[in-house]
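Written out below as structure tokens is the structure these notes cover.
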Amino acid sequence: MQKRLAHKILLKEFKNDPGLVAGADVAYSRNSGTLFAAILIFKFPMMKLVELSSARGKAEFPYIPGLLSFREIPVLLEAAERAFLQPDIIICDGQGIAHPRRLGLASHLGLLLDLPSVGCAKSRLVGEYGELGEEVGSTSKIVYKGKPVGAVVRTRKKVKPVFVSPGYKVDLKGAIRVVLDAGRGYRIPEPVRQAHLTVNRLRKEEEA
DNA sequence: GCGACAG
DNA sequence: ATCTTGTCGC
């Protein structure tokens, strides 16, 4: 049972309009054992925030590498169900198919919502990859058990690359393109970055 | 048994 | 992920 927090529809006239990119992230408050989830939807390509949806709930499952979905999916689903707008694709802070079971957080969420999804993690879970160029946009394929499952992508010069992998109903090319196109000069693509700032803001104000 | 290990 | 301030580098 998740409790609703904030839900803002900033530009509802964009309902059903194409070009909506969403970002999702979750934060955890140890003190209260609470998880905060936020899904922010942006109008592409100007990247104008059009909706912010969030939810909170008690963490019912521990963090176990490979089983992140069991911990974060419930609260993320609650936030997603609260959203009025229907994004065309959602970028998650975690892996897509670059996962032991080919079902990382992004894949799992996309499947449950029947929504195209992309995984954009800050570090590796599985797979091997080679060095990549230092220019923004450089990529290097991530191979797991002989199969390409994603790519490390340079979103900023002199900064550690992000780990991109297809989530659901998108291929690697598309996943990489979305991450780069939705970026705003920061390492993390804007939708996910803003979702991250949002959940931490929610966590802070509760701990306060 | 040892090392690896999204958030 | 979270605990935490200033600080060195581009």
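Small disclaimer: the values here were computed from a predicted structure and weren't measured. We name chains A, B, ... by the order of the sequence lines, and we start the count at 1 in each one.
- As judged by a 4.0 angstrom heavy-atom cut-off over every strand, A:R71 is placed among residues making no nucleic acid contact.
- Rounding to whole angstrom units, NE2 of residue A:H196 and C1' of C:dA1 are separated by 8 Å.
- Summarising the geometry, the separation between NZ on A:K58 and P on C:dA1 is reported as 23 Å, rounded to the nearest angstrom.
- Residue A:R203 has a polar side-chain atom (N or O) positioned under 4.0 Å from OP1 or OP2 of C:dT2.
- Electrostatic pairing of A:K204 and A:E207 does not count as a salt bridge here, judged by no charged N lying under 4.0 Å from a carboxylate O.
- Taking the ring centre of A:Y28 as origin, the terminal cationic atom of A:R71 falls inside the region bounded by 6.0 Å and 45° from the ring axis.
- In this entry the distance linking NZ of A:K122 with C1' of C:dA1 reads 8 Å, nearest Å.
- Residue A:E128 places its CD atom among more than 12 non-hydrogen atoms of other residues, nucleotides or ligands, all under 6.0 Å distant.
- Taking CD of A:E60 as the start and CG of A:L35 as the end, the distance is 9.0 Å to the nearest 0.5 Å.
- A:G119 comes within 4.0 angstrom of no nucleic acid atom, judged by non-hydrogen atoms across all strands.
- Within a 6.0 Å sphere centred on CZ of A:R30, other residues, nucleotides and ligands contribute 12 heavy atoms or fewer.
- When the P atom of C:dA1 is taken as reference, atom CG of A:L67 falls 18 Å away, rounded to whole Å.
- Here the straight-line distance linking atom NZ of A:K122 with atom CG of A:D93 works out to 3.5 Å at 0.5 Å rounding.
- Note: CG (A:D93) to P (C:dT2) measures 10 Å, nearest angstrom.
- At distances below 3.5 Å, at least one donor-acceptor pair connects side-chain atoms of A:E51 with backbone N or O atoms of A:F84.
- In terms of phosphate contacts, A:N200 brings a side-chain nitrogen or oxygen within less than 4.0 Å of OP1 or OP2 of C:dT2.
- Helical stems of DNA chain B (runs of at least 3 Watson-Crick or G-U pairs, donor-acceptor distances under 3.5 Å) are absent.
- When hydrophobic clusters are built by joining Ile, Leu, Val, Met, Phe, Trp and Tyr residues whose side-chain heavy atoms come closer than 4.5 Å, directly or via intermediates, A:I39 is grouped together with A:V50.
- One atom, CD of A:E134, and another, P of C:dG9, lie 20 Å apart when rounded to the nearest Å.
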**Report entry** Secondary-structure notation, DNA chain C, from Watson-Crick and G-U pairs under 3.5 angstrom (| other strand)
**Finding:** ..........

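- Atom OH in A:Y63 sits about 13 Å away from atom C1' in C:dT2, given to the nearest Å.
- To the nearest 0.5 Å, the span separating CG on A:L132 from CZ on A:R154 amounts to 4.0 Å.
- Remark: A:T139 OG1 to A:L172 CG distance equals 7.5 Å, nearest 0.5 Å.
- Atom CD1 of residue A:I176 and atom CG of residue A:D171 lie 9.0 Å apart, to the nearest 0.5 angstrom.
- In 5' to 3' order, the nucleotides of DNA chain B bounding all contacts with chain A (an atom under 4.0 Å from a heavy atom) are B:dA4 to B:dG7.
- The structure places CG of A:L105 at 11.5 Å from CG of A:L125, a figure rounded to the nearest 0.5 Å.
- With DNA chain C read from its 5' end, the first of the two nearest nucleotides for A:A27 and A:K158 is the one closest to A:A27.
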